[in-house]
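We count residues from 1, following the sequence as given. Side-chain atoms are counted along with the backbone in the values below, which use heavy atoms only and exclude waters and symmetry mates. First listed ligand is number 1; within each ligand, the first listed atom is number 1.
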Amino acid sequence: SFHIEDDRTGLSSETLQRAIADNLYYIQGKFPEIATLYDYYMAVAYTVRDRLLHRWINTVKTYREQDVKVVCYLSAEYLPGPHLENNLVNLGIYDQVQQAVESSGLDLRSILAQEEEPGLGNGGLGRLAACYMDSLATLEIPAIGYGIRYEYGIFDQEIREGWQVEITDKWLRLGNPWEIPRPENAVEVKFGGYTEPYTDDQGDYRVRWIPHQVVNGIPYDTPISGYRVNTTSTMRLWKAEAPESFDFQAFNVGDYYGAVDAKIISENLTKVLYPNDEPIQGKQLRLEQQYFFVSCSLQNLLKIHLLRGDPIETFHEKFVIQLNDTHPAIGVAELMRLLVDEYLLHWQKAWDITQQAFAYTNHTLLPEALETWPLNLFGSLLPRHLEIIYEINQRFLDQVRLKYLGNPDKLARLSLIEEGGSKRIRMAHLACVGSHAINGVAALHTELLKEGVLKDFYDLWPHKFTNITNGVTPRRWMVLINPRLTQLITREIGETWITQLEDFKRLESLAEDPAFRQEWRRVKRAVKQDLADYIQAHQGLTLNPDSIFDIQAKRIHEYKRQHLNVLHIITLYNRIKHNPRLAVPPRTFIFGGKAAPGYQMAKLIIKLITSVGEVVNHDPDICDLIKVVFLPDFNVTNSQRIYPAADLSEQISTAGKEASGTGNMKFSMNGALTIGTLDGANIEIREAVEADNFFLFGHTSEDIVDLKAQGYVPKTFYNTNPALKEAIDLIASGYFSHGNRALFQPLVDQLLQADPYCLLADYQSYIDCQDQVGQAFQDQDTWTKTAILNVARIGRFSSDRAIREYCREIWWVNPVSIHLEE
Ligand code: 26Y
């Protein structure tokens with residue numbers, strides 16, 4: 001029968017071509033002769049969004065009409081990466097769109113490259129939220145991701161004279177085709193002021209909060225598609241605006257400039273992402289951001305609940321709220337406030353609902369990285385929440401007191417309030433007390449939480465603790481970024497692995513097939529060539545695609561030990577300088593990562609990497625055997641070129657410091673071998689791929705604790721290890737800094753005097769292990785076999801597995817499939 005496709009839903013390349021031309025004209029207001037490539041990107045993006053919209057609307061409609069339980073992911077950060085290509089993959093229309101675009105004389109890759117990624121996060125935690133949104137949609141789990149629509153995301157990084165320079169990320173400058181603003185759903189958020197008691201009509205004691213300021217939250221919705229399913233979830237990000245009525249009329253009559261000032265203050269709230277991944281001491285704006293988005297989100301949830309016709313008392317049966325670290329932990333007090341003050345529930349009922357609704361994921365072990373807020377600051381910004389937290393704390397400590405009679409230390413340690421010099425609110429404690437489940441993000445991390453920072457809570461409520469090891473989505477981190485390997489694998493084992501990554505197991509036997517290994521090597525070589533071409537084009541550096549691509553890409557942090565990697569580079573350099581005929585397997589060291597703008601040591605580590613590169617890359621004695629590259633602006637887009645090209649993945653954090661890591665999974669999934677410590681998810685990756693297929697080095701987390709207990713003296717290692725001494729001395733001598741001995745002095749001093757991350761203690765083990773890597777790479781056939789086994793056994797690290805575990809163990813939610821209405 002003859003069928004005409006709708007221009008907004010049709011998937012044939014002819015219809016798509018027509019739809020793109022139509023959107024170019026009617027959305028961008030352009031005709032081909034004057035359209036820029038960016039105009040075409042917008043036209044294609046709107047064309048794809050059109051195809052998502054009926055799926056999205058039907059998803060929302062289904063959840064609204066049916067009695068389904070919804071996962072609400074609260075995260076101050078999201079790093080979804082570019083949307084367009086991901087949506088093409090998920091909808092299964094990559095080829096059709098490519099054909100449509102080519103028929104118009106354009107190239108899809110260059111159109112995709114136009115997209116500005118939403119850099120609404122710092123690193124692992126924000127990217128994890130994005131992987132989880134992808135898996136939730138793909139597994140058809142009803143979900144909403146709530147967050148902040150920062151006007152400026154994580155800064156763009158440039159490298160000038162070897163130093164990091166931060167550039168404002170104006171990601172919204174040219175418009176964002178993926179979001180739909182919904183100003184009609186604005187909510188009000190109160191700040192400051194005071195509270196007063198009153199007696200209600202029933203004669204009950206109540207509290208009223210009279211704020212000093214009100215800010216409006218405007219939701220902006222972005223569709224998150226699932227892979228080859230109709231489910232399309234919502235990522236709802238809140239933007240702060242000044243409410244016209246409040247500032248312009250009620251409070252600032254006649255004070256036009258004052259009113260504009262108030263508007264600026266309100267709109268500053270969601271202006272910029274804090275580019276730190278460790279807490280910045282008591283920054284008020286950061287607390288304002290946290291409370292703002294959490295209050296907007298919880299008000300929104302309660303509204304949805306009541307709109308569905310459900311009584312307030314069943315809220316926790318219809319929603320489960322996951323706290324992505326403590327950043328949204330103020331939600332515990334806010335939900336209590338909403339239920340008690342606004343919906344007039346009794347405290348105990350409200351508390352039952354709250355505890356059953358919330359669950360908390362911890363992402364850090366460093367005690368100094370746990371969020372606390374000075375009580376004064378907290379109380380002046382959120383006076384009602386301070387009272388609520390006191391009440392929660394009092395009831396909690398009353399309960400604890402029964403159990404720990406005559407143990408005031410225990411009570412002080414558990415309290416939501418840190419006493420001493422200046423009092424502070426402990427957000428992790430609030431999250432623990434207010435949640436029914438607490439999880440770490442890798443097995444070791446969860447164990448260390450139970451015996452370390454959260455020990456007292458574990459002793460109290462062991463049943464609340466679970467481990468959910470992180471995972472990453474194979475759609476973006478394999479299908480999208482590595483089409484060559486995807487095709488090779490799919491040709492051999494079919495495509496079920498895309499949603500059931502454990503099916504990679506079927507690759508195991510192929511590791512023994514020489515012809516398959518040869519094809520695998522061809523693919524890896526081609527992918528490395530792609531990265532080499534990119535680096536040639538952007539940095540003018542020529543790389544040898546047959547060298548070991550040895551890559552460390554992640555935030556720059558002392559605990560992640562990029563400088564240990566540098567010590568290895570210098571050690572190799574010294575060896576070649578001493579013995580120019582030495583047979584050293586050629587290596588290309590690639591680094592990527594941003595340093596927090598105020599983290600001087602991290603910025604100095606970047607300068608060290610680039611400075612060592614300057615010397616090593618141009619020293620004729622080295623004969624191009626070693627190259628050092630620092631790839632600027634490590635973000636999702638750039639990371640997508642990096643992961644597929646790695647031979648060796650550097651996961652070398654001090655044991656006990658990296659909660660999980662997720663880059664480790666992305667590298668391994670793309671056929672890199674790992675050199676790593678027994679830290680975070682490395683341990684589980686090693687168990688999965690088996691010890692022989694993993695380059696292990698370094699002290700264990702227990703060793704590190706012992707080492708420090710015995711009084712760790714880094715100088716001892718320096719004095720007794722000539723190669724180590726030579727490497728450090730070379731840095732100190734000014735060799736890499738044009739004779740400037742002062743430049744790297746802080747770094748050298750830190751290593752020799754304190755070395756809190758035990759680089760010197762792990763140095764020799766790392767060097768020995770790297771020597772094994774070098775040897776192993778000479779035998780390409782065995783190396784390839786090992787790489788195939790790594791991929792075959794990495795299935796467990798899919799975010800689909802992680803999300804299934806959250807569903808079963810914490811959320812108690814089930815899939816709901818979405819049917820499209822004709
Ligand atoms: C308090 C604020 C400044 C802050 C902002 C961001 C604090 C922390 C962060 C981000 C933390 C983060 O990214 N943590 C990482 O989470 C990953 C996902 O679980 C882990 O894999 C990784 O080990 C951990 O460092």
Side-chain angles (χ1 to χ4, degrees), residues 73 75-79 119-132 147-148 150 153-154 272-290 293 322-330 360-373 424-428 431 439-446 448-449 467-473 553-561 593-594 596-599 634 636 651-667 676-677 679-685 701 797 799 802-803 806:
Y73 205 79
S75 180
E77 304 194 0
Y78 287 92
L79 284 170
L120 310 182
N122 276 287
L125 169 142
R127 180 55 227 178
L128 188 76
C131 282
Y132 284 179
I148 301 174
Y150 301 105
I154 187 73
V272 61
L273 166 81
Y274 278 97
N276 299 285
D277 48 7
E278 259 178 62
I280 40 284
Q281 285 301 310
K283 277 271 182 256
Q284 174 163 339
L285 183 60
R286 166 97 190 154
L287 180 58
E288 289 172 3
Q289 289 184 336
Q290 294 182 351
F293 100 88
Q322 191 67 37
L323 301 171
N324 198 22
D325 214 305
T326 55
H327 316 154
I330 184 62
Y360 159 52
T361 305
N362 173 291
H363 296 264
T364 186
L365 282 161
L366 314 177
E368 69 271 20
L370 292 177
E371 269 192 312
T372 61
W373 293 104
R424 304 179 76 93
I425 317 270
R426 296 163 162 162
M427 300 310 277
N439 77 286
V441 291
L444 173 71
H445 172 230
T446 302
L448 294 177
L449 276 183
N467 172 248
I468 313 267
T469 299
N470 284 166
V472 302
T473 172
K554 51 182 78 234
R555 285 297 286 248
I556 312 291
H557 247 288
E558 286 163 281
Y559 85 77
K560 295 177 190 279
R561 303 199 293 192
K594 293 175 183 174
Y599 187 173
F634 184 66
V636 175
Q651 306 301 334
I652 61 178
S653 54
T654 314
K657 300 293 180 198
E658 188 72 272
S660 163
T662 43
N664 45 7
M665 301 165 190
K666 296 164 196 170
F667 277 115
T677 49
D679 200 14
N682 295 353
I683 299 175
E684 292 156 80
I685 291 173
S701 60
F797 301 93
S799 45
I803 287 297
Y806 278 99

Inset, instruction - Answer yes or no: is there a donor N or O on one side and an acceptor on the other, between the side chain of Y132 and the main chain of A802, under 3.5 Å? - result: no

Inset, instruction - List every atom of ligand 1 that sits less than 4.0 Å from any heavy atom of A659, numbering the atoms from 1 in the order shown and giving each element. - result: 23 (O)

Inset, instruction - Would you check if the side chain of R555 reaches a backbone N or O of N122 as a donor-acceptor pair within less than 3.5 Å? - result: yes

Inset, instruction - Grab the two heavy atoms, one from G121 and one from I154, that are nearest each other, plus how far apart they are. - result: O-CB, 3.4 Å

Legend entry - Ligand-side contact atoms (ligand 1) for residue partner E371, heavy atom cut-off under 4.0 Å: 1 (C)

Inset, instruction - Just need the protein heavy atom nearest to atom 5 (C) of ligand 1, so name the residue and atom and give the distance. - result: N276 O, 3.3 Å

Legend entry - Nearest non-hydrogen protein atom, atom 8 (C) of ligand 1: D277 O, 3.1 Å

Legend entry - Under 3.5 Å: N/O of N470 near N/O of ligand 1: yes

Inset, instruction - State whether the shortest distance between N or O atoms of S660 and N or O atoms of ligand 1 falls below 3.5 angstrom. - result: yes

Legend entry - Residue pair L365 / L449: nearest heavy atoms and the distance that separates them: CD2-N, 3.9 Å

Legend entry - Under 3.5 Å donor-acceptor, N682 side chain and T677 backbone: yes

Inset, instruction - For Y559, take its heavy atoms, then give the atoms of ligand 1 lying under 4.0 Å from any of them. - result: 25 (O)

Legend entry - Matching residue for T361 among N439, N470, T326 - test: side chain to side chain donor-acceptor pair (under 3.5 Å): N439

Inset, instruction - Select one of side chain, backbone, both or neither to describe which atoms of E278 lie under 4.0 Å from any atom of ligand 1, heavy atoms only. - result: backbone

Inset, instruction - Could you tell me if any non-hydrogen atom of E77 lies under 4.0 Å from any atom of ligand 1? - result: yes

Inset, instruction - Check the side chains of Q651 and E658 for a donor-acceptor pair under 3.5 angstrom, ignoring hydrogens and angles. - result: no

Inset, instruction - Ignoring angles and geometry beyond distance, decide whether H363 reaches within less than 3.5 Å of ligand 1 through its nitrogen or oxygen atoms. - result: yes

Legend entry - N or O contact, E658 vs ligand 1, cut-off under 3.5 Å: yes

Inset, instruction - Please confirm whether L125 comes within less than 3.5 Å of ligand 1 when only nitrogen or oxygen atoms on both sides are compared. - result: yes

Legend entry - Check: E684 side chain, A442 main-chain N or O, donor-acceptor pair, under 3.5 Å: no

Legend entry - Check: G661 N/O within less than 3.5 Å of ligand 1 N/O: yes

Inset, instruction - Could you walk me through whether D679 and S653 pass side-chain hydrogen bond (donor to acceptor under 3.5 Å, both in side chains), step by step? - result: CA-CA 7 Å; D679 200 14; S653 54; 2.6 Å; yes

Legend entry - Identity and separation of the nearest protein heavy atom to atom 2 (C) of ligand 1: R286 NH2, 3.3 Å

Inset, instruction - Establish, from distance only, whether the side-chain atoms of H363 and N324 form a donor-acceptor pair under 3.5 Å. - result: yes

Legend entry - Protein contact to atom 4 (C) of ligand 1 [nearest heavy atom, distance to 0.1 Å]: H327 NE2, 3.5 Å

